[in-house]
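Each residue takes its place number in the sequence, starting with 1. FYI, side chains are in, hydrogens and waters are out, and symmetry mates aren't considered; it's all heavy atoms of this structure.
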Amino acid sequence: MLSEFSIKEKKILSDHFSNTDGSVFAIITPRQVDRGALMSRYSRTDKSMRKIFLDEFLKNKSRGEEFYNRVLLEYGDDSVAELGEAQIAIEGLTNIAVKKIQDRRIGLSYLEKSSRYVAWNKKEKGKYRFYRDPDLMKSKFGDLYEEACNFSFDVYSKNIEPMVNYVREKYPIEKYSFKDSTDGKEKSFSKLKVEGDIKSANMIYKGSTKAKALDILRGLLPASTLTNVGITGNGRAFEYLLTVLGSSELKEEQELASKIKKELDTTIKSFVRRADDKYGKAFQKYLRDIKKKSISVSKQIKAKPVKGTITKLVDYESEKNAIDKIITSIIYEQSPSTSYQNISSQVKKMTITKKEKIIKDFAKLRTNRRHRPSRAFENVYYTFDLCNNFGMFRDLHRHRALTLERQLLTTDHGYNMSNEIKILGIEKEFKECMDNTKNAFEKIRKKYPEQGQYVVNFAYNYPYFMKFNLREACHLIELRTVPQGHVDYRRVAQQMYHQINKVHPKLSQIMKFVDLKEYDLERFESEKRTEEKRKKLK
């Protein structure tokens, strides 16, 4: 077969495409705007992509920008904005702002600094790293706010070493087994003879015990604690994120919108141009209007704050109906030319025994938790009313294939204190910290309800609800009950499973890899696996 391109053209194309003749190729032309424009232009012509590049892009260096100006601004083709992708790193934002960013579910992926691997006790220029809202600091509450955050960090910082020591005393290294490189068997620490094995065992042990200690203490951190987050996403998702941040009442989030936009303009400017134009400003007003209307409606209901923790399944359907929906969907995909309604009526006539066997057969197909149930299991939904500590919420919030609604962070719902805090003898100090926070928050919230969130500790309970289907329930509950998970969210995920199992005992069989056990050092086995991988890379 003769090539479409001459030798000279192939030489040019080799700098912009991974190959010049194959039917599958990567677009490697350096400019992001050209890569996206090529993809979009591709759908509007019968030319090959490489031919489009030679004819339309090679000589016209601004072709990409011109294309997006016309398509996005004149025609408003939002899907075209998904063709531009960028990666943004944000350092030094609060746990309030990062949650607002992570509320954006579609088109963005995140990696955030962990509170279990890194201690948050470092200072910069003699000050703890927490956000000082300019409006708050100029107000009469400035000193009160700073003192409350400093006190939280003081209690957290001074107890890191004692908590690590306590954990290591309670769970001594001699209690655990490690791999002996001489015969590949698991042996107690005292029986290891090879220096490398002893070194590895100590690394595993120190890593898992430090993580345990930091997990216990993280409840003392205030939401103002500065963290880092990396974001990967497409233009449309970034554009919406910028609009949401721009409509915020918090200065931090408004300033983040401007900073992110400035950096995106260096990489995918054409894809996020509408974020601060007439369209973006109108959208920001719409979002603010929604908030005002929601506040107005909510005032019609007089409800007292719930105290303590909640994990309660509040909305679901009968298992009989749920099974019928799933089986109808299973059959529909493989049925020859018939309607959903016809299949549904036939399924209802099937015996209970036959239906249950179908569900069991599908459950048997799953041999590990990464084997997701088929889409048929998306037809059944569960809604959970939740109120648990904000530190734990930060982990569950990362699940985006579901509906989640949440409230402002307050001190209204009490706080969570682990048994280890009591055993270590710092219960009084912990309570003093929580009471100090509550006092500061109650004063600040009267004038600054949104900014008041910054002072609230991770230990305070936080209300939200989650609605997800059975397929997502498998993913969330199985993932969040793995041994290395934080004890707080492991317990909530286990409670979710028990409640689903109670109302849907047949369907819950699809969740085969829920771990209902408890562990001493949650990170121990995970640290062992990581160390084995590290050895292989040497």
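- Glu317 places no side-chain N or O within 3.5 Å of a backbone atom of Tyr381 that could act as its donor or acceptor partner.
- Side-chain N/O atoms of Asn389 and Asp488 include a donor and acceptor closer than 3.5 Å.
- Residues Phe238 and Phe271 keep their aromatic ring centres 6.0 Å or farther apart.
- At a cut-off of 3.5 Å, with distance as the only test, no side-chain donor of Arg369 or His475 sits close to an acceptor on the other residue.
- A side-chain donor-acceptor contact under 3.5 Å links Arg168 and Thr209.
- Judged by distance alone, the side chains of Thr309 and Asn461 never bring a donor and an acceptor atom under 3.5 Å apart.
- The backbone N or O of Val492 lies less than 3.5 Å from no partner atom in the side chain of Asn388, so there is not a single donor-acceptor pair.
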Dump the intermediate steps for side chain to side chain contact (heavy atoms under 4.5 Å, CB included) on Arg366 and Phe513, then the final yes or no.
CA-CA 9 Å; Arg366 298 189 68 220; Phe513 305 100; 4.0 Å; yes

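- Donor-acceptor pairing under 3.5 Å is recorded for the side chains of Gln87 and Thr232.
- Looking only at distances, no side-chain donor or acceptor of Ser248 sits under 3.5 Å from a matching main-chain atom of Val244.
- Arg406 and Tyr462 share a side-chain donor-acceptor pair at under 3.5 Å.
- Ser152 and Asn457 share a side-chain donor-acceptor pair at under 3.5 Å.
- Under the 6.0 Å cut-off for aromatic ring centres, Tyr382 and Tyr316 do not qualify, their centroids lying 6.0 Å or more apart.
- With Phe458 as the aromatic partner, Arg218 does not meet the cation-pi criteria of under 6.0 angstrom to the ring centre and within 45 degrees of the ring axis.
- With a 6.0 Å radius and a threshold of 12 heavy atoms from other residues, nucleotides or ligands, Lys179 has its NZ atom at or below the threshold.
- A side-chain N or O of Ser508 and one of Asn501 form a donor-acceptor pair less than 3.5 Å apart.
- Residues Met496 and Phe468 form a side-chain contact, since some pair of their non-hydrogen atoms from C-beta on lies under 4.5 Å apart.
- Under 3.5 Å, the side chains of Glu112 and Gln102 contain a donor-acceptor pair of N or O atoms.
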